[in-house]
Amino acid sequence: MNFKNKIKVSPSILSADYALLKPDIEKVKQGGADMLHVDVMDGHFVPNISIGPPVVKAIRKATDMFLDCHLMISNPYDYIDSFVSAGADLIAFHVESNSDIEKTIEKIKAAGVLPALVVKPATPAEAVFPYIRDVAMVLVMTVEPGFGGQSFMSDMLPKIKAIREKAEEINPQLMIQVDGGIDSKTAPLCVEAGADVLVSGSYVFGAADTRAAIDSLR
Ligand code: DX5
Ligand code: ZN
C-alpha cells in the first residue's frame, strides 16, 4: 500500500455559491484545501448542466489554486483545448465517454496538463487498468455522477483497493481520488482502501467551520 503521499482535499465548487465564487474559493483556500474540484456537466453525459470553460477561465484569474477539472461530458476530446486554455491544471474525463481514451490522454499530456480517468459506479476497476501507467490520477465515483449531496456508496471501496493494488505494481505515484458523499465518516474508509485525494462538496461548503471540516477529512 502506498500511504507515503499526503492526503489531499479538493472541495467541489458545485456546492459553492456561483454568484460568490471568489470569496467561496478564498474560504476553502484559507481552510487548507489542497486543490479545487471543478465539476463540468453537459446535460448529456449526465442529466444536469453546470459550468464550462468561461467559468474555469474566470476562476483561473481569481485564484492560484490547483484546478482539478472533472469533465462529465460525452465528448471530452473535443474540449481539451478549451479547458487547457481556460487554465485547468488537471483534466479528468470518463472512461465511459465517447472519446478515444488514449488519444484524449495524449492530448492532455501534450498540453502540459495532468491527465486523469474517471469510473462511474457501475464500471469495474479493470476498465482503467490499461491506462494506469499513463495517467496521474484515477477518480473513483462514489455516487452516480450528476448531483451533489448524494449518499456515499460503500460498495465502491473494493474498487479503490483493486486500483491501488494494480497501481502499486505499475505506477506507485498514481493518485486515487474519490468523489461523492465524502464526509468525516466516509473519508477514512476511502483512505484505508487506498484513496489519497478526497473531493467534498456539500460537507465542506455546508460547514460552519471550513478549516475544521477540511481537517476532519484527513
Ligand atoms: C457529482 C460531482 C461531485 C459532487 C460531490 O457528480 O462529481 O463532485 O459535487 O458532491 P458531494 O460531496 O456533496 O457528494
Ligand atoms: Zn466531481
Side-chain angles (χ1 to χ4, degrees), residues 7-18 21 24-25 27-28 31 33-53 55-56 59 65-74 76 79 83 88-97 114-123 128 135-157 159-160 175-191 195-208 210 212-218:
I7 304 302
K8 295 163 277 290
V9 175
S10 189
S12 165
I13 58 157
L14 193 60
S15 294
D17 183 336
Y18 279 148
L21 265 185
D24 269 7
I25 291 168
K27 189 169 74 176
V28 295
D34 301 282
M35 44 177 104
L36 198 65
H37 187 81
V38 181
D39 284 307
V40 176
M41 305 180 184
D42 65 355
H44 187 258
F45 184 77
V46 289
N48 195 7
I49 299 178
S50 58
I51 57 155
V55 178
V56 176
I59 295 171
M65 285 188 82
F66 182 95
L67 299 184
D68 151 32
C69 294
H70 174 195
L71 306 188
M72 285 162 275
I73 67 178
S74 295
Y79 295 91
F83 285 99
D89 293 300
L90 176 149
I91 297 178
F93 68 99
H94 276 259
V95 73
E96 306 88 357
S97 73
L114 296 181
L117 259 185
V118 194
V119 274
K120 294 211 278 187
T123 305
V128 297
V135 293
M137 187 178 88
V138 169
L139 163 49
V140 176
M141 290 305 302
T142 44
V143 298
E144 228 22 270
F147 300 91
Q150 304 180 76
S151 298
F152 178 76
M153 298 167 72
S154 57
D155 48 340
M156 294 301 114
L157 293 169
K159 193 195 289 190
I160 299 166
M175 293 182 283
I176 299 183
Q177 185 176 61
V178 284
D179 182 9
I182 303 299
D183 59 22
S184 58
K185 289 193 182 69
T186 57
L189 306 174
C190 296
V191 171
D196 57 0
V197 189
L198 309 166
V199 173
S200 185
S202 46
Y203 179 71
V204 166
F205 281 99
T210 308
I214 289 172
D215 284 346
S216 74
L217 294 173
R218 289 208 188 93

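Both ligands and their constituent atoms are indexed starting at 1 by order of listing. Quick caveat: nothing in here was measured; it's all calculated off a predicted structure. Residue indices begin at 1 and follow the sequence shown.
- Side-chain atoms of Glu96 come within 3.5 Å of backbone atoms of Lys120 as a donor-acceptor pair (strictly under, hydrogens ignored).
- No more than 12 heavy-atom neighbours from other residues, nucleotides or ligands sit within 6.0 angstrom of OH on Tyr79.
- The ligand atoms of ligand 1 that sit less than 4.0 angstrom from a heavy atom of Ser202 are 11 (P), 12 (O), 13 (O).
- Atoms of ligand 1 lying under 4.0 Å from at least one heavy atom of Gly180, given by number and element, are 14 (O).
- Here the heavy atom of the protein found nearest to atom 5 (C) of ligand 1 is Asp179 OD1, 3.4 Å.
- Side chains of Asp68 and His70: a donor-acceptor N/O pair is absent below 3.5 angstrom, by distance only.
- Looking at Phe147 against ligand 1, only its backbone comes within 4.0 Å, counting heavy atoms.
- Rounded to the nearest 0.5 angstrom, Leu198 CG and Ser10 OG are separated by 9.0 Å.
- Here the shortest heavy-atom distance to atom 11 (P) of ligand 1, taken over Gly146, Gly149, Ala16, Ser200, belongs to Gly149.
- Between the NE2 atom of His37 and the OD2 atom of Asp179, the angle taken at the Zn ion (ligand 2) works out to 100° after rounding to 10°.
- When only non-hydrogen protein atoms are considered, atom 10 (O) of ligand 1 lies nearest to Gly148 CA, 3.6 Å.
- For ligand 1, none of its N or O atoms has an N or O atom of Ile182 under 3.5 Å away.
- Note that CE of Met141 and CD of Gln177 are 9.0 Å apart. Values are rounded to the nearest 0.5 Å.
- Near Met72, with a cut-off below 4.0 Å to any heavy atom, the atoms of ligand 1 are 6 (O), 7 (O).
- Distances below 4.0 Å separate heavy atoms of His37 from the following atoms of ligand 1: 8 (O).
- Counting only non-hydrogen atoms, the option in Gly201, Pro145, Ser12, Pro11 that gets closest to atom 9 (O) of ligand 1 is Ser12.
- For Asp39, the N/O/S atom at the shortest distance from the Zn ion (ligand 2) is named OD1.
- Across Asn48, Asp39, Leu14, a single residue satisfies side chain to side chain contact (heavy atoms under 4.5 Å, CB included) together with Phe147, and that is Asn48.
- Put simply, CZ on Phe93 and CG on Leu139 are 12.0 Å apart, with the number rounded to the nearest 0.5 Å.
- Those atoms of ligand 1 with a heavy atom of Met141 less than 4.0 angstrom away are 7 (O).
- The CE atom of Met137 sits 4.5 Å away from the CG atom of Leu90 when rounded to the nearest 0.5 Å.
- Minimum-distance N/O/S atom of His70 relative to the Zn ion (ligand 2): ND1.
- The single protein non-hydrogen atom nearest to atom 14 (O) of ligand 1 is Gly181 N, 2.8 Å, given as residue, atom name and distance.
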Given salt bridge (Lys or Arg N to Asp or Glu O under 4.0 Å), test Asp34 with Arg218 step by step and report yes or no.
CA-CA 11 Å; Asp34 301 282; Arg218 289 208 188 93; 2.8 Å; yes
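- Here the CZ-CG distance, from Phe152 to Asp179, works out to 11.0 Å after rounding to the nearest 0.5 Å.
- Below 3.5 Å of separation, one finds an N or O of His70 facing an N or O of ligand 1.
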